[in-house]
2 protein chains.
Amino acid sequence: MPPFEFQSHDHASCMTSAMRAAEQHCLDAKLQFTPVRRAALEILLSEHKALGAYDILAKLDARGLGSAPPVAYRALEFLVKNGFAHKVEKLNAYVACAHPGETHDPAFMICTSCDSIVEAATDPQAGQLGRAAKAAGFEINTAVLEAEGLCPSCKPT
Amino acid sequence: MPPFEFQSHDHASCMTSAMRAAEQHCLDAKLQFTPVRRAALEILLSEHKALGAYDILAKLDARGLGSAPPVAYRALEFLVKNGFAHKVEKLNAYVACAHPGETHDPAFMICTSCDSIVEAATDPQAGQLGRAAKAAGFEINTAVLEAEGLCPSCKPT
DNA sequence: AGATGAAATGTTATATCATAACAACCCCGA
DNA sequence: TCGGGGTTGTTATGATATAACATTTCATCT
């Protein structure tokens, strides 16, 4: 079972456990989990939706942690590079990773009605893209899988 | 067999046939295939790679067809909406459709070495995203499938 | 042919997303 | 203490995209 689904869940505990996991990973890998980076991850975890870099920057600024774009972009770069967050290409926005620890290409389902977003577990090498790539002799390094539509709550019954 | 693959092909004929197909489709659907739109599609078809909106704008400008961003964006909007081109989200760029006629969600393989790009045929409802969506009760409207990696020509042997 | 309304275009301005470049700082190990 | 890598602060700018409104074109109806 993924850390969260479209259904409601214990937000506070999902957030603190993700923070702990990130902290541990940084210790293990000797990465600097600095205040800006920590705050950026907290901000992303606070929402189950994608936030633009400038949204995050505004929230960082509200905490007194920097007001110029590179501050936010650098923190996001760190989070994405280390698997704590992903960029949602379709939205030019960022979201906390739902399966931290493992590095992976994410697959997203984005609700166009309520902006909620969930990350599904998939293996890009295995799906249709993987098959097409194999057929074409193409070697996949990274994959983007993003679906837009209606989540169960917003879907007309 | 798709209209083109990573392998070489008859560029001129692939281009003229795509233009003819677009022309026919516009006639059938009573769409206005205006000079700007026609030129934008020609420009996209001239390359097997994704072009940024401003690249296209520059080429339109060179033909005396407009120099302000909305000119390019409106032409691209038309082409995308009617299935003659796609936006590659990962690149914020646009590419001619390889399977015009059918409306579909595209799947791309993008070579990070030579910038070539091919569009594979897939059914988003069927793949891993489709399965995840079904499991989650999510209704997919559109899907983005994009892989970056190395094409056969650029792949080390 | 002339009227008319929708669609397309031209143009200016501005919003939004992202990075280059360089100086300053901080921590840690030699 | 010195030096060096990594992080941060800051300014400036580049790249992508759209809002808003005036004007023109064009299909269609009369």
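Just so it is clear: chains get the letters A, B, ... in the order the sequence lines come, proteins before strands, and each one is counted from 1. The shown structure was predicted, so the numbers you read here are calculated from the model rather than taken from an experiment.
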Quick one: label B:Phe33 by what it contacts on the DNA or RNA (base, sugar-phosphate, nothing), any heavy atom closer than 4.0 Å. nothing
Of the candidates C:dA7, D:dT10, C:dT11, the side chain of B:Gln32 sits closest to C:dA7
To the nearest angstrom, the CG-C1' distance between A:Asp61 and D:dT10 comes to 13 Å
- Message: Looking at B:Thr34, I'd like to know whether one of its side-chain N or O atoms comes within less than 4.0 Å of OP1 or OP2 on C:dT9.
- Response: yes
One should read off an interatomic distance between A:Leu76 CG and A:Leu44 CG, to the nearest 0.5 angstrom, of 6.0 Å
| said: Could you check whether A:His104 and A:Glu119, counting side-chain N and O atoms only, form a donor-acceptor pair closer than 3.5 Å? | reply: yes
When we call it a touch if two heavy atoms are under 4.0 Å apart, what does B:Tyr54 touch: a base, just sugar-phosphate, or nothing?
base
| task | Taking B:Gln128 for its side chain and A:Asp123 for its backbone only, find out whether a donor-acceptor pair lies under 3.5 Å. | result | yes
* Asked: If you take atom types as modelled and just measure distance, does the side chain of A:Tyr73 reach the base of C:dA20 with a donor-acceptor pair under 3.5 Å?
  -> no
When rounded to whole Å, the CG to P distance for the pair B:Asp55 and D:dA17 reads 11 Å
To the nearest 0.5 Å, atom CD of A:Gln24 lies from atom CZ of A:Phe33 at 11.5 Å
Here the distance between atom P of C:dT9 and atom CG of B:Leu57, to the nearest Å, is 14 Å
Applying salt bridge (charged side-chain N to carboxylate O under 4.0 Å, His left out) to B:Arg131 and not counting sequence neighbours gives none
Side-chain atoms of B:Asn92 come closest, of D:dT16, C:dT19, D:dC26, to D:dT16
Separation of C:dT9 atom P from B:Arg37 atom CZ, nearest Å, is 5 Å
When rounded to whole Å, the CG to P distance for the pair B:Leu76 and D:dA15 reads 18 Å
Heavy-atom nearest nucleotide on DNA chain C taken for B:Leu65 and for A:Ala68; more 5' hit belongs to B:Leu65
From NZ of B:Lys30 across to P of C:dA8 the rounded distance in Å is 14 Å
Of the candidates D:dT11, D:dT18, D:dT7, the side chain of B:Pro70 sits closest to D:dT18
note: A:Lys87, atom NZ; C:dC17, atom P; distance rounded to Å ~ 10 Å
Atom CZ of B:Arg74 and atom P of C:dA6 are separated, to the nearest Å, by 18 Å
Picking from C:dT11, C:dA13, D:dG9, the nucleotide nearest the side-chain atoms of B:Pro69 would be C:dA13
